[in-house]
Structures are given as structure tokens and as C-alpha cells.
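What follows is a set of notes on a single structure, which appears directly below.
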Amino acid sequence: MLEAKLQFIGTFCGVGLGQDNFRQLLVPKIFLSNLKWHVVNRVFVASEFELDYSESFVSLGQLIPGERISFEADMRWKSGKYELCNLMNIRFIYSSGDRRYPLPKNRVALIGYVMEVNKNYYLSHDMFFDQRYVDIYDAWCDSLAYKKDFAARQSNAKSSTTKFSNQNRHYHDYYTISPEKEGGRRNGKANG
């Protein structure tokens, strides 16, 4: 197993959902393009790369397509592909937003955010969409008293420099998972 701490720079493209096959849970994902890293005087580039939407990325707030991010991570070869883990020192190289809206740390509310941002795409491509997740995100937004609509539009902003194929952004084979089973509450109040 190859493992090394490396410096990465990538361009934010969007958010989506994956699936944890072991626990059968939805996993919020962040998509980067032009991910670059250096190894002994050589530069490597991945045109598209997805990462779990970790708490470190959440702490940056809502990202706008085209923003450039730098971070350190361990890279290891596992099950026939490279995997990044132990991300740290995440920061902006280029930020296009004056006002940065926060994101929920609660995974269920974060799933609602991802569904809200991708609602039109999910519905038009007959993909899994559950309004209950969005309602939990809405309740979280209400608790902070800021306008979710503007925040969602900010995250939906298109960048002329961003090219990321939609068919690779989302997974089609979801289990239908109730937000209540994942820590949400029926009364619309989000945890976290």
C-alpha cells in the first residue's frame, strides 16, 4: 500500500451524493476538477475527483463553482484506485464570494443542502430525491435566520471555467433512506 502526505490544489465543481455501501447511507460528496499534486519534481493532474464532504470542507461554508482550494492529504492505493484520506490545512487559493454562507455539520441536513442545490437535476434525471432531507436543511437555515434561496443560488452559480460531466457527479442506485433513521426529526427541527 502506497501512502504519502501530499499537497493538492483543485477547482470546486459542485456537490452530489454517494452511498456508503457498508452501512447503506447517503454520503455528501464534493467534486473537484483539475486536481494537481506534486511527487518528486513531477506534477500529476486528475481531471475529475470526488471526496467525502468532510467537516473540514463544511467549515469553509458554501463553495462556489470555480473556487480553488488547497489541502494536504494522505494518498493511498486501495482496491484498485487512489484514495485521499486525513485531509488537513484546507484553505482557499481563489475565492469568488464576498459573503460565505455556513453549512450544517449535521450529515442529514447536509444531505438536504446537496438535494436542494441539485433538485432540478435530480428530478429531471429521475434520481433519488427526498423532500424530507430538504425540510431538515430548511429548518437548519431557519434556525440561523438567513435566506436559503440566495444561498442555494450562490452554490448553483455556474463557472465558465468549470467542466464536470453530470453523469459522473451522482450515483443512480440509492436505497430509500428515511431522514428519521439518520438522526433527523419528523417535526422539522434539524439536529446540529
Side-chain angles (χ1 to χ4, degrees), residues 1-97 100-101 103 105 107 110-111 113-122 124-125 127-128 152 154-174:
M1 178 171 73
L2 171 68
E3 190 167 328
K5 182 67 80 182
L6 301 169
Q7 179 74 34
F8 294 86
I9 297 174
T11 303
F12 174 73
C13 297
V15 295
L17 295 171
Q19 182 178 347
D20 176 340
N21 290 325
F22 178 70
R23 295 183 297 171
Q24 298 181 351
L25 298 175
L26 295 174
V27 178
K29 298 283 186 175
I30 182 171
F31 300 106
L32 301 175
S33 66
N34 300 318
L35 185 67
K36 298 178 183 177
W37 65 97
H38 301 265
V39 178
V40 189
N41 298 328
R42 292 184 65 193
V43 177
F44 294 88
V45 178
S47 60
E48 299 175 353
F49 208 90
E50 70 177 48
L51 298 165
D52 288 350
Y53 217 134
S54 68
E55 194 169 317
S56 299
F57 279 114
V58 167
S59 68
L60 294 176
Q62 291 185 13
L63 303 173
I64 299 170
E67 292 185 314
R68 296 189 41 80
I69 300 167
S70 169
F71 59 93
E72 294 176 9
D74 294 330
M75 177 181 268
R76 61 183 176 194
W77 181 257
K78 183 177 179 185
S79 303
K81 64 179 184 174
Y82 283 107
E83 191 175 87
L84 300 183
C85 57
N86 303 323
L87 277 66
M88 56 194 303
N89 299 326
I90 299 172
R91 63 184 179 84
F92 287 106
I93 301 273
Y94 165 74
S95 174
S96 58
R100 181 119 357 237
Y101 287 94
L103 286 172
K105 292 181 180 172
R107 191 179 63 79
L110 187 59
I111 290 169
Y113 163 74
V114 171
M115 286 188 176
E116 175 70 23
V117 168
N118 293 306
K119 181 177 183 176
N120 292 337
Y121 181 83
Y122 286 175
S124 68
H125 288 83
M127 295 173 66
F128 177 73
Q154 178 186 29
S155 293
N156 276 327
K158 301 294 182 217
S159 167
S160 60
T161 60
T162 302
K163 296 177 183 167
F164 200 89
S165 55
N166 283 335
Q167 62 270 29
N168 294 329
R169 291 180 59 182
H170 312 282
Y171 294 93
H172 296 272
D173 53 344
Y174 294 115

Evaluate the side-chain proximity of Leu35 to Leu84: yes if any heavy-atom separation is below 4.5 Å, no if none is.
-> yes
Side-chain (Arg100) to main-chain (Gln62) donor-acceptor, under 3.5 angstrom = yes
Shortest non-hydrogen pair, Ile90 vs Ser56, comes out as CD1-CB, 3.2 Å
Between Tyr121 and Ser124, the two heavy atoms sitting closest are O-OG, 3.2 Å
Do you know which two heavy atoms are closest between Val15 and Phe31, and how far apart they sit?
-> C-CE1, 3.3 Å
Inter-residue atom distance Phe71.CZ - Leu87.CG, 0.5 Å rounding | 5.0 Å
Separation between CG (Leu32) and CG (Leu63), nearest 0.5 Å, reads 9.0 Å
Rounded to the nearest 0.5 Å, what separation is found between the NE2 atom of His125 and the CG atom of Asn118?
-> 11.0 Å
With a 4.5 Å limit on heavy-atom distance, are the side chains of Gln7 and His38 in contact?
-> no
Expected output: side-chain Arg107 to main-chain Leu26 donor-acceptor under 3.5 Å = yes
Mind checking whether Trp37 and Phe44 have parallel, tilted or perpendicular rings, split at 30° and 60°?
-> parallel
In this structure, SG of Cys85 is separated from CE of Met75 (nearest 0.5 Å) by 10.0 Å
Looking only at heavy atoms, which two atoms of Gln19 and Val27 are closest? And how far apart?
-> C-CG2, 4.1 Å
Could you tell me whether a side-chain N or O of Glu72 sits under 3.5 Å from a main-chain N or O of Met88, the two making a donor and an acceptor?
-> no
Would you mind reporting whether Lys29 and Leu51 have side-chain heavy atoms less than 4.5 Å apart?
-> no
Check the pair Leu17 / Met115 against side-chain contact (heavy atoms from CB on, under 4.5 Å), numbers first and verdict last.
-> CA-CA 8 Å; Leu17 295 171; Met115 286 188 176; 3.8 Å; yes
To the nearest 0.5 Å, what is the distance between CD1 (Ile69) and CG (Leu60)?
-> 6.0 Å
Could you pull out the closest heavy-atom pair between Glu67 and Ser96, with the gap in Å?
-> OE2-N, 2.9 Å
